[in-house]
Every structure is written in C-alpha cells, then in structure tokens.
Student: 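Got a structure for you, questions after.
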Amino acid sequence: MVPKMGAVCEIGEHIMGAVRPSREEAFSLLKQYNKNEALIKHALAVEAVMRYCARKRGLDEQMWGVIGLIHDLDYEQFPAQHCRKTEEILAAQGWPAEYVRAVVSHGWGICTDAEPQSELEKVLYTVDELTGLVAATALVRPSRSVLDMEAKSVKKKWKDKSFAAGVNRDVITKGLEMLGMELGELIQDVIMGMRDVADEIGLKGNPEASG
Ligand SMILES: [Fe+2]
Ligand SMILES: [Fe+2]
C-alpha cells in the first residue's frame, strides 16, 4: 500500500504535498534504526552508486541518493517485515509517496509485489545486489580496493556461482533486462559509484599492493 498523496505544493522543496527529505535527514534516520556497520556501509555504497547513475543520466542526483541511502532502513530491526516496515516508517515521517514507492520496489518478488517501474526503481533493484558482488570481488584482490579494480574482475566472479553465493544473480539478470543494459556496463557504473566513497565503505584498500 502506498500512502495517499496530498495537494501539490508550489515550494521547491515540496513535492506531492510532502517535504522533500534531505540527505542529512535520511542519514540520521538510517543511524537511528541501524547500528550494524556492514549495513551502514551497504547503504552508503548503494547511495553513491545511485548518485553516479543519476548523474550519468542527467537526473535528480539528490533524490536518487537519498532513496539509495534509506532503502534497507528496516532490515536490522525488522528483517521479517523488510520493506513493509520501511514503508510504514517513511510514511509516518511524511516522506513523499514517490520516494516510499521507490524504496519498497527494491524488494519486488522477494518481500513486496511493487514492480520497479521508473528508471530510478529499476536501477535501485539491480544495483542493490550488484554492489554486494563488487564489494566481495574487491576484498579478494591483493589491493582489497575498488580504486584499481576493473569490470572484468567482477565479470569473472559473476560466472563462479559459488563465489559470494548470497548475491542473487537472477535478480541482477532480471534488472538488466528491465534496464536494457549489459552486465559489463552496469558493473562499471557500480565500480565508479563505489570509488566515490571507497574510504567510507572500507574498500579503499592499498592499490599499491596490486603491483
Ligand atoms: Fe533490501
Ligand atoms: Fe540493500
């Protein structure tokens, strides 16, 4: 269920009758519900990739980033109600319906029936899983870094189904079809986005070690 939309307001920072959430607001909400470092790093990685993908398309970088940052808000405390609990929390915070729907749609076919429709939703759905494969690949390299990593290293690991087996490759394949993109191109975008926050997500490593 998506919350009802209010009247459209003319002020720039208001859309669909709700205040456009700021990055600061999203981050403090994330910290309020999440203490697990790994989950926070995942959120930061997805945020950075969403920002990169928005920038590449000339779309709303701030909105894409905020949605990426908040997408797993409920996962630490309410794993059994994943997505549904976030919908409730964000609606209670007065977040715009467009943001809430986008967040919920990342669990399509897994914990919700909200199919990704917009470009933003399709990208979120696909890169959510792909950031996991890119991070896992970086960590087994001598440099333990995304800064000097190329897409072909990740593609090699993609084929090895026993590597990072928790990464749902079917979800990524479905997402790529929706986006009409090739795996190699999206891997490259994910790497580029993650490089922007390499230090914060623990994937700066030591590129010199790659020799
Ligand atoms: Fe999730
Ligand atoms: Fe996620």
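Remember, it's 1-based here, ligands and their atoms both numbered in the order they're listed.
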Student: Under 2.8 Å from the Fe ion (ligand 1), is there an N/O/S atom belonging to His106?
Tutor: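 Yes, within the cut-off.
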Student: Please name the atom of Asp72, restricted to N, O or S, that is closest to the Fe ion (ligand 1).
Tutor: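 The atom in question is OD1.
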Student: Quick one: report the N, O or S atom of Asp128 that is nearest to the Fe ion (ligand 2).
Tutor: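 Result for Asp128 and the Fe ion (ligand 2): OD1.
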Student: We want to know whether Asp148 and Ser143 form a side-chain donor-acceptor pair, criterion being a heavy-atom distance below 3.5 angstrom.
Tutor: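 Yes.
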Student: Using 2.8 Å as the threshold, say whether any N, O or S atom from Cys111 sits that close to the Fe ion (ligand 1).
Tutor: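 Looking at Cys111, which is the residue asked about, there is no N, O or S atom under 2.8 Å from the Fe ion (ligand 1).
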Student: Please check: side-chain N/O of His82 versus main-chain N/O of Pro79, any donor-acceptor pairing under 3.5 Å?
Tutor: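 Not a single qualifying donor-acceptor pair exists.
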Student: Do the side chains of Lys41 and Glu200 get close enough for a salt bridge, i.e. N-O under 4.0 angstrom?
Tutor: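 The answer is no: the pair does not qualify as a salt bridge.
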Student: What do you get for the angle at the Fe ion (ligand 2) between NE2 on His71 and NE2 on His42, to the nearest 10 degrees?
Tutor: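 The angle at the Fe ion (ligand 2) comes to 90°, rounded to the nearest 10°.
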Student: Only one of Glu47, His106, His42 forms a side chain to side chain donor-acceptor pair (under 3.5 Å) with His71, so which one is it?
Tutor: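 With His71 as partner, side chain to side chain donor-acceptor pair (under 3.5 Å) holds for just one option, His42.
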Student: Verify side-chain contact (heavy atoms from CB on, under 4.5 Å) between Met149 and Val134, making sure each step is shown before the conclusion.
Tutor: CA-CA 9 Å; Met149 188 170 73; Val134 169; 3.5 Å; yes
